[in-house]
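Data block below; observations after.
Note that this is a predicted model, so its numbers are computed, not measured.
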Amino acid sequence: MRPQEREVRGSGSGFIIAPDGKILTNAHVVDGAETVTVRLSDNTEYQAKVIGKDKQTDVALLKIEAKNLPVVKLGNSDQLSVGEWVLAIGSPFGLDYSATQGIVSALSRRLPNETYVPFIQTDAAVNPGNSGGPLFNTRGEVVGINSQIYSNTGTTQVLSFAIPINTVRSVVTQLDKDDM
């Protein structure tokens, strides 16, 4: 008997930052992927090209061949305050376009055994599949990319961590020759 090959599928979230199809997500969402398929809210699917990824900050920039796409507005993560309300959007467990709310509970959080990324810590529930999704402030601006959770069980957390969008901006300018 020969071993059977199995298709391995992962899932994550992301958001469009340019009308020509540039998308942000986490590097760990696309790491090791042979193909990356992006499904938009109208269920249109595109094969995405990974323009670049930075494992240290866990940021990846993708590109799909599309035009005139709706984009999110990027905010300024340096203007966040502890106690401010935030909204995490993603596809936990494959349940598309799910939203959870919480507050910013710490800024510039350093996690044990991690390279230094000044994480935004929130209590918004983030689960597997939310990785790469946007963290919005109350003005509807993306202030972070949902990246990690702290968990004993692996699900429904009160501690989630997002990469500040200002950190993401500096990484993306290195990954992409065109500016955001």
Side-chain angles (χ1 to χ4, degrees), residues 10-17 22-31 33 36 38-41 48 50 53-62 71-172 175 180:
S11 69
S13 300
F15 51 96
I16 302 167
I17 60 168
K22 290 181 186 168
I23 298 170
L24 286 175
T25 190
N26 288 134
H28 77 262
V29 169
V30 296
D31 195 34
V36 176
V38 170
R39 186 177 62 231
L40 302 182
S41 59
V50 178
K53 60 185 175 179
D54 180 61
K55 289 186 180 184
Q56 271 195 313
T57 56
D58 198 23
V59 173
L61 179 64
L62 311 178
V71 298
V72 295
K73 181 176 180 186
L74 301 181
N76 182 349
S77 52
D78 290 344
Q79 293 178 346
L80 276 175
S81 300
V82 172
E84 187 172 336
W85 285 96
V86 288
L87 183 73
I89 296 183
S91 298
F93 307 109
L95 301 169
D96 294 339
Y97 319 110
S98 294
T100 57
Q101 70 177 7
I103 61 165
V104 173
S105 46
L107 296 167
S108 297
R109 176 69 74 199
R110 183 174 181 185
L111 301 180
N113 303 321
E114 295 289 330
T115 56
Y116 183 72
V117 170
F119 287 106
I120 301 164
Q121 179 183 321
T122 76
D123 66 350
V126 171
N127 291 290
N130 275 96
S131 290
L135 183 70
F136 286 96
N137 63 18
T138 56
R139 291 174 297 286
E141 303 164 329
V142 176
V143 292
I145 298 178
N146 299 315
S147 179
Q148 297 187 34
I149 57 175
Y150 255 30
S151 170
N152 291 332
T153 64
T155 59
T156 312
Q157 295 313 298
V158 292
L159 290 181
S160 60
F161 300 91
I163 306 158
I165 202 66
N166 291 1
T167 300
V168 173
R169 277 187 170 109
S170 65
V171 171
V172 169
L175 296 177
M180 282 196 337

Run the numbers on L24 and L61 for side-chain contact (heavy atoms from CB on, under 4.5 Å), then give the verdict. CA-CA 5 Å; L24 286 175; L61 179 64; 4.0 Å; yes
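- Of all non-hydrogen atoms in D123 and G102, the two that sit nearest each other are OD1-CA, 3.0 Å.
- With contacts defined as side-chain heavy-atom distances shorter than 4.5 Å, the pair N137/V104 does not qualify.
- A distance of 11.5 Å separates OG of S147 from CG of L135, quoted to the nearest 0.5 Å.
- Shortest non-hydrogen contact noted between Q79 and E84 is O-OE1, 4.0 Å.
- Looking at every heavy atom in both residues, A88 comes nearest to N146 through CB-ND2, 3.6 Å.
- Expressed to the nearest 0.5 Å, how far OG of S170 lies from CG of D54 amounts to 9.0 Å.
- When all heavy atoms are compared, the tightest approach of I89 to F136 is CD1-CE1, 3.7 Å.
- Counting heavy atoms from C-beta outward, I17 and V71 have side chains that stay 4.5 Å or more apart.
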Between T57 and V168, does the side-chain contact (heavy atoms from CB on, under 4.5 Å) criterion hold? Intermediate values first, please. CA-CA 8 Å; T57 56; V168 173; over 6 Å; no
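- S160 places a side-chain N or O within 3.5 Å of a backbone atom of A124 that can act as its donor or acceptor partner.
- Scanning both residues, F15 and I165, for their nearest heavy atoms gives CZ-CD1, 4.4 Å.
- For the pair S105 (side chain) and Q121 (backbone), a donor-acceptor distance under 3.5 Å is present.
- With sequence neighbours excluded, the residues satisfying side-chain contact (heavy atoms from CB on, under 4.5 Å) with T25 are V29, V30, A60, L62.
- Remark: S13 pairs with no residue by the side-chain hydrogen bond (donor to acceptor under 3.5 Å, both in side chains) rule, at least two apart or across chains.
- Looking at T167 and S77, their side chains never come closer than 4.5 Å, going by heavy atoms from C-beta outward.
- Every side-chain contact (heavy atoms from CB on, under 4.5 Å) that A33 has, sequence neighbours left out, goes to V36.
- Of the possible donor and acceptor atoms, none in the side chain of D58 sits under 3.5 Å from a partner among the backbone N and O of N26.
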Go through it in stages, so that I can follow the logic: the residues are F161 and I120, the test is side-chain contact (heavy atoms from CB on, under 4.5 Å), and I'd like the CA-CA distance, side-chain angles, deciding distance and then a yes or no. CA-CA 5 Å; F161 300 91; I120 301 164; over 6 Å; no
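- A donor-acceptor contact closer than 3.5 angstrom links the side chains of D78 and N166.
- When all heavy atoms of R169 and L74 are compared, the pair lying nearest together is NH2-CB, 3.2 Å.
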